[in-house]
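Notes for the one structure printed next.
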There are 2 protein chains.
Amino acid sequence: MNSQSIENYLKVIFNQAISTDEVNTTGIAQALEVSLPSVNSMVKKLAGMGFLEYEKYRPLKITEKGRQMAAMIIRKHRLTEMYLVEKMGFGWEEVHDIAEQLEHVQSPLFFDRMDELLGYPKRDPHGSPIPNKKGHIATLEYRMLADCQPGEKVVLKALGHTSDAFLKYLNSKNLALGVEVEVIALEMYDRNMTVVYDGHREVLSSLVCSKLLVS
Amino acid sequence: MNSQSIENYLKVIFNQAISTDEVNTTGIAQALEVSLPSVNSMVKKLAGMGFLEYEKYRPLKITEKGRQMAAMIIRKHRLTEMYLVEKMGFGWEEVHDIAEQLEHVQSPLFFDRMDELLGYPKRDPHGSPIPNKKGHIATLEYRMLADCQPGEKVVLKALGHTSDAFLKYLNSKNLALGVEVEVIALEMYDRNMTVVYDGHREVLSSLVCSKLLVS
DNA sequence: TATATTTGTTAGTCTATTCTAACTATTTAA
DNA sequence: TTAAATAGTTAGAATAGACTAACAAATATA
Ligand SMILES: [Mn+2]
Ligand SMILES: [Mn+2]
Ligand SMILES: [Mn+2]
Ligand SMILES: [Mn+2]
């Protein structure tokens, strides 16, 4: 069985590979808050296990095997988050830290049961796709709210970022997935956006709007 | 935070202290399937942390602090088992291995929510008491079925042992907690007991009867 | 292009947890 | 009450994962 440490590295590497395909050591070190040499030695180990391709001083490439393995951990993480929200009444800002631990539990039955009880959900509480049992991850074609034009009506589908602070901010504005948002105005100077939803009228910064994924 | 290893040691030591109060190294080694020297060095560490009293070549004594700590882990273990059975539809023979992992999750909220959703249960699915948040464990005054006399009608309340094999045996005989059992006959030669319950008539060995706790 | 900055690597150390081999104390039993 | 058996200890080593200090390669910048 892979250690929790190995699983956490793999997950980070997989996530960084989504945007750039090639991953660098420094990024991993920052994400996991460990030193560069720690990453270097773990990377060699992961390469030895066939999860990565590694050449000295070259960016890393995750292999299909690595991708597969990472997807299974992410599957467990996201199923857990969904379960905590849907079945145990947690808020979407409370579940990540718990899922970070439960994702390492070794028990296919446990996660299959969650999946079943949830009715085989496709997304986690933050709108991110839940990989299926084969490791396949649906690619979601959402736009950023920041790219919408005044007059458009869109539905909030997912978040591009899920920090505690951001989730709490969204809670304070009553912004949740599924909410229909109408773009009223876009200030060209700072790209602040005035929106209306659910009887609310708010001005959202471009920072926020770039993290709200809509369709 | 205490490591999983430390937590597993503490739990074993606590459990062994219930019967004899004094615990010996060999018992711990057997329960955890590790070598004697491993236990020896961990025991010194636990003593250093104030969980045990240790003197060379003397049996160990668990301290109040150690008892407290162990109770909190056992609380998480048993709440988890109850949750898995009651809310997720697992059989009582399936839950121990999952609970063995979940008991190490660091999230008071997670277990408090389980507790709440379960309606603050007093026992786990095998009839063992769930320690309360202060670490207090109710002592259950049950008798062994083996000590009952022909003619007595008793209710199965808990198990003195919870191995997979035993639980599966009980499943095969449709014996579950809460079942009312009438003692029909007791064979003095081998102490086999003939019992009737739920429309079943079975002959149970003394080995089995000594592990069935009734009231 | 030459230099400065950033990024990645190596060497060596540390802690946690485990092990085997060798030894010592305690307990049991002849 | 001595010898045998059992239980516990020490020493020394291994592995996993992390770190700092020192160095090398790659990249950015003047
Ligand atoms: Mn998460
Ligand atoms: Mn994790
Ligand atoms: Mn159990
Ligand atoms: Mn455990």
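Note on naming: letters A, B, ... go to the chains in the order of the sequence lines (proteins, then strands), and numbering restarts at 1 for each one. If you're wondering where the values come from, they're calculated on a predicted model, not measured in any experiment.
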As a test of reading the structure: which of [options] is closest to the side chain of [X], going by heavy atoms?
X	options	result
A:Tyr54	C:dT18, C:dT9, D:dT9	C:dT9
B:Asn40	D:dT9, C:dG8, C:dT17	D:dT9
A:Lys44	D:dG8, D:dT10, C:dT10	C:dT10
B:Met42	D:dA18, C:dC19, C:dT18	C:dT18
A:Val34	D:dA18, D:dG17, C:dT17	D:dA18
B:Tyr57	D:dA24, C:dT18, C:dT24	C:dT24
B:Thr25	D:dG8, D:dA18, C:dT18	D:dG8
A:Ser5	C:dA11, D:dG17, C:dT18	D:dG17
B:Lys45	C:dT18, C:dA16, D:dA11	C:dA16

To the nearest Å, give me how far apart CZ (A:Arg58) and C1' (D:dA25) are. 9 Å

A:Leu60 CG to D:dA26 C1', in whole Å, measures 15 Å

Return the 5'-most residue of the pair A:Lys56, B:Ser41 with respect to DNA chain D, ranking by each residue's nearest nucleotide. B:Ser41

How would you label the contact of A:Ser35 with the nucleic acid (heavy atoms, under 4.0 Å): base, sugar-phosphate, or nothing? base

